[in-house]
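All values below were derived from every heavy atom in this structure, side-chain atoms included, with hydrogens, water molecules and symmetry-related copies excluded. Protein chains get the first letters and strands the later ones, always in sequence-line order, with residue 1 at the start of each. As the structure is a computational prediction, the values presented were derived from the model and not from experiment.
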There are 2 protein chains.
Amino acid sequence: MLAATSQSQTRADEAFDCLQTAIVKGDLAPGEKIGEVELCERFNLTRGPLREALGRLESRGLLVRKPHAGVKVVSVSGDELLELYHIRESMEGLAARQAAERMTDAEIADLQATLDSHEKMIDLAQGQAYYQGEGDYDFHYRIAKGSRNTKLAQMLLGDLYYMVRMYRYRLSTSAGRPQKALGEHRHIVEAIAQRDGELAQFLMQRHISAARRNIEQKIKAGVLNL
Amino acid sequence: MLAATSQSQTRADEAFDCLQTAIVKGDLAPGEKIGEVELCERFNLTRGPLREALGRLESRGLLVRKPHAGVKVVSVSGDELLELYHIRESMEGLAARQAAERMTDAEIADLQATLDSHEKMIDLAQGQAYYQGEGDYDFHYRIAKGSRNTKLAQMLLGDLYYMVRMYRYRLSTSAGRPQKALGEHRHIVEAIAQRDGELAQFLMQRHISAARRNIEQKIKAGVLNL
DNA sequence: CGTTGGAGTATTGTCGACAATAGTCTGGGG
DNA sequence: CCCCAGACTATTGTCGACAATACTCCAACG
């Protein structure tokens, strides 16, 4: 039934949330052409709010719309996915640097506690679940928020992450990578705790760069079907 | 009368363009609360397409909307404007590096020709018009496109520039800065022509950093009313 | 005199019907 | 047998009216 994830204030917001999660979860496959009426009965909406949500999704780059021809879910090629990681490398590097300068001590302690819980998650899932779940997302989410840079957080959390998460669902993480990623996360937090912005930026960039090369290998190996 | 800038394919697109230019040009002042019906008669639209455009503008961060309370133009503080330049520093640095690797020779030649015309513009306006006009925008626009990074270009051109341009209209450039900016532009293009991505990135970051400090000084001096 | 409650109004959110356009399918011609 | 033209259908774009919510103003009470 897939009801609205959170009690939305308005129908259009509800539609927006539904569509967004449906796209991210893969219920609406990339490249799939979708009709408005079909979506309406699927989510129990009328076309008014739906169209409003559609416009917002298009503006965020999750949909492409051709006038009088319909909308279809954006399909991102392997190259484009790698480009996304290049952008993340730059932007999250900045976020890490600013977070090191601006996060409160309480926030940093909280972040460290979060990593502890992530470690337990990895142990439980025997090293398979870090990237699949929300753990990695949590970490980067907190850094973005910690930068105190409203627009930066908005662009990272509102634009980039949704596109990245679209593909995280089908990215089977390579064995051993979660532990390594967690270790990198720890180093980044350490740099932040020491208020070493430059180091935090460097480590974050290298962290994302490693993730990108990891995906690059998979693409070359033909593991990914993009 | 402020008709649609370009022959839009649909009413909603038309509304979107009108609203966007109105906000950027300052016809709709930041912080101003605007009613839907007022906008309708102002742009000869009905509320359907208008609401669709409103949603898109909100998603791009140019408007804030409170349910059942109306929309108002986003007002960005001095600090937030400086944060925008921090983001540009990161993202356009990346764009310059990728442009150096990927622009065609023809595009580079074209870019150099553009700078020549900019030089004439500055001479004509006696050093006052570079930042005011579209010249600077042209330069950064071409670099973003030249990066061949679709999402990067979309984020720079679709999100950041419109917010920056909102304030360029009231930023009286300091004397001498246009010439210096043009010189920096030339150095960047030179690095791109030599396919030196790292240098291009460095120069672009320093270029934007200089612009940021320029604004920072003005804010401290109380010249800007934010 | 200040505050709080309520009714009224104005604005936003939603809906269903109408108009316009694009894609498709069929029939005729070369 | 293949190609082109025309109308048809289905989908999108647009519009006006209705419903729901928030802001405002006024009056009564403490």
Side chain proximity check, Arg51(A) to Arg51(B), heavy atoms < 4.5 angstrom: no
Quick one: is the NZ or CZ of Arg165(B) closer than 6.0 Å to the six-membered ring centre of Tyr161(B), and within 45° of its axis? no
Rounded interatomic separation in angstrom, taking NZ from Lys72(B) and C1' from dT11(C): 16 Å
Is there side-chain contact between Leu19(A) and Leu28(A), with heavy atoms separated by less than 4.5 Å? yes
Assert: residue with more 5' nearest nucleotide on DNA chain C, out of Ala69(A) and Glu36(B), is Glu36(B)
Would you classify Gly48(A) as touching base, sugar-phosphate or nothing, given that sugar-phosphate means primed atoms plus P, OP1 and OP2, and contacts are heavy atoms under 4.0 Å? nothing
Taking CD from Glu52(A) and P from dG13(D), how many angstroms apart are they, rounded to a whole number? 14 Å
Output yes when at least one side-chain N/O atom of Arg51(B) is less than 4.0 Å from OP1 or OP2 of dT12(C), else no. no
Give Leu50(A) one of three labels, base, sugar-phosphate or nothing, depending on what nucleic acid heavy atoms sit under 4.0 Å from its own. nothing
The side chain of Arg47(A) is closest to which nucleotide in this list: dT21(D), dT14(C), dG13(D)? dG13(D)
What is the separation between atom NZ on Lys33(B) and atom P on dT11(C), rounded to the nearest whole Å? 10 Å
Rounded to the nearest Å, what distance is computed from the CZ atom of residue Arg11(A) to the P atom of nucleotide dC18(D)? 20 Å
Can you tell me if Glu83(B) and Gln98(A) form a side-chain donor-acceptor pair at under 3.5 Å? yes
Any idea which of dT14(C), dG16(D), dT12(D) is nearest the Thr10(A) side chain? dT14(C)
Quickly work out the Gln9(B) CD to dG13(D) P distance and round it to whole Å. 11 Å
Quick one: on DNA chain C, does Leu45(A) or Pro67(A) contact a more 5' nucleotide (nearest heavy atom)? Leu45(A)
Between P of dG16(C) and CG of Asn44(A), the distance in whole Å: 12 Å
Consider the side chain of Lys66(B), meaning its heavy atoms from C-beta on, and name the nucleotide among dT12(D), dC23(D), dT14(C) that approaches it most closely. dC23(D)
Could you check how far CD of Glu41(B) sits from C1' of dT11(C), rounded to whole Å? 13 Å
Residues Arg65(B), Glu52(A): salt bridge by 4.0 Å N-O rule: yes
Answer with yes or no whether Arg65(A) presents, from its side chain, a donor or acceptor under 3.5 Å of a partner atom in the base of dG13(D). no
To the nearest angstrom, how far is His68(A) atom NE2 from dT21(C) atom P? 6 Å
